[in-house]
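One structure is given below, encoded as structure tokens.
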Amino acid sequence: MPELPEVEITRLGLAPELEGRSITSVILRRPDLRWPIPREIGDLLPGQRILAIRRRAKYLLIDLAPGSALLHLGMSGSLRILAQDSPVGSHDHVDIALDSGRVMRFNDPRRFGCLLWQPLGETHPLLRDLGPEPLSPAFDGDFLFERSRGRKTSVKAFLMDQSVVVGVGNIYAAETLFQAGIAPGRAAGEVSRPRYRRLAEAVKDILAHAIRCGGTTLRDFIRPDGRPGYFEQELFVYGREDEPCLTCGRILSGSRMGNRATVWCTHCQK
DNA sequence: CGTATTCCCTGCACGC
DNA sequence: TGCGTGCAGGGAATAC
């Protein structure tokens, strides 16, 4: 499930293959993913040189002269760099062919991903109301503390709210709350400033570490060169309901919060 | 406005 | 073996 580290790993793998290359053709094997693929993708991309590939939140932006292709991996999407004549498999929805003889292929079994167009000088509506990047200086414990005052929702739902801070999904919310020692069901507005400082540090530490590990591969995620990530070997709580806490040995609790599977240690997290 | 719920989609694990 | 069911989840849409 691509969260920020997986999207960043994808960007890092794509950058040397894309930047400076020209797009020779675009193949759309279906008209839509989560939303219809706008005609600009097929019409404007061929012939354009790729200026850069950037990440904002869990979105990738492929910058061209007239604008940017905006891409989201949803929860099962992956982007690979392949030889142009590689056999096409199921759920290989989009190819962007390059003048290097290679192709960037977008595979997404569950089609929660999207491929959209952002004209130069505009900000796509999906990017308008996003919170700060968690690895930027704008994000810290004081920011979380101020933003959370008066909020009755759980601290876990608050942390996963992309208008608060971007990039933290269910896996990393579970892991960062564990490292910070905060119970996920606690009301966001009742968590103290020092504890939010611990949480912000945990978010930065864990996301940065996951990027160094190549991300988390649970089912679908794969890097552009086909290798998996290795961070799942370091998960303390996610996916470990009813198993012993790796810190204290007590059995981890599980429930659903905000309709998301949630696992935590009632002894280590208060 | 904040909050909780529903829905999109496919593959897989599970139980009968 | 095969079928039905539930779950995985990012995040927009919807309902209060």
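The analysis underlying the following values was restricted to heavy atoms, covering all of them including side chains, and did not include hydrogens, waters or symmetry mates. Here is how names work: the chains are called A, B, and so on, in the same order as the sequence lines, proteins then strands, and each is numbered from 1.
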Quiz item: Between A:R29 and A:I27, is any pair of side-chain heavy atoms under 4.5 Å apart?
Solution: yes

Exercise. Check whether any side-chain heavy atom of A:V191 lies under 4.5 Å from a side-chain heavy atom of A:S148, and answer yes or no.
Key: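 No - every pair of side-chain heavy atoms lies 4.5 Å or more apart.
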
For [X] and [N], what is the distance between atoms [atom1] and [atom2] respectively, to the nearest whole Å?
X      : N      : atom1 : atom2 : value
A:D129 : C:dG10 : CG    : P     : 19 Å
A:L33  : C:dG10 : CG    : P     : 18 Å
A:L60  : C:dG10 : CG    : C1'   : 14 Å
A:R110 : B:dC9  : CZ    : P     : 14 Å
A:L73  : B:dC8  : CG    : P     : 22 Å

Enumerate the protein-to-nucleotides 11-13 of chain C contacts in which both atoms are nitrogen or oxygen and the separation is below 3.5 Å.
from: C:dG11; atom 1: OP1; to: A:H72; atom 2: NE2; distance (Å): 2.4
from: C:dG11; atom 1: OP2; to: A:K58; atom 2: NZ; distance (Å): 3.2
from: C:dG11; atom 1: N7; to: A:R260; atom 2: NH2; distance (Å): 3.2
from: C:dG11; atom 1: O6; to: A:R260; atom 2: NH2; distance (Å): 3.2
from: C:dA12; atom 1: OP1; to: A:Y59; atom 2: OH; distance (Å): 3.4
from: C:dA12; atom 1: O4'; to: A:R34; atom 2: NH2; distance (Å): 3.0

Exercise. Mind checking A:N259 for me? I need base, sugar-phosphate or nothing, with any heavy atom below 4.0 Å counting as a touch.
Key: base

Practice problem: Identify, with sequence neighbours excluded, every residue that meets side-chain contact (heavy atoms from CB on, under 4.5 Å) alongside A:R111. | Solution: A:R30, A:L33, A:H93

Practice problem: Determine, step by step, whether A:D142 and A:R193 satisfy the salt bridge (Lys or Arg N to Asp or Glu O under 4.0 Å) criterion, reporting the C-alpha distance in whole Å, the side-chain angles of both residues, the deciding distance to 0.1 Å, and the verdict. | Solution: CA-CA 7 Å; A:D142 291 336; A:R193 188 186 293 271; 3.0 Å; yes

Quiz item: What pair of heavy atoms forms the shortest contact from A:G141 to A:A200, and how long is it?
Solution: N-CB, 3.3 Å

Quiz item: Where do A:L61 and A:L70 come nearest, in terms of heavy atoms and distance?
Solution: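 Where A:L61 meets A:L70 most closely, the heavy atoms are CG-CD1, 3.7 Å.
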
Quiz item: Taking for each residue the nucleotide of DNA chain B with the nearest heavy atom, is it A:F112 or A:H91 whose nucleotide lies nearer the 5' end?
Solution: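 Between the two, 5'-proximity favours A:F112.
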
Practice problem: Please work out whether the ring planes of A:F178 and A:F236 are parallel, tilted or perpendicular, with thresholds of 30° and 60°. | Solution: parallel

Identify the pairs formed between an N or O of the protein and an N or O of nucleotides 1-4 of chain B at a distance under 3.5 Å, and give each distance.
from: B:dT3; atom 1: OP1; to: A:K152; atom 2: N; distance (Å): 2.6
from: B:dT3; atom 1: OP2; to: A:R151; atom 2: NE; distance (Å): 2.1
from: B:dT3; atom 1: OP2; to: A:R151; atom 2: NH2; distance (Å): 2.9
from: B:dA4; atom 1: OP2; to: A:T153; atom 2: OG1; distance (Å): 3.2

Self-check item: Positive for side-chain hydrogen bond (donor to acceptor under 3.5 Å, both in side chains) with A:N170, one of A:E3, A:R260, A:K156
Solution: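 For A:N170, the side-chain hydrogen bond (donor to acceptor under 3.5 Å, both in side chains) check succeeds only for A:K156.
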
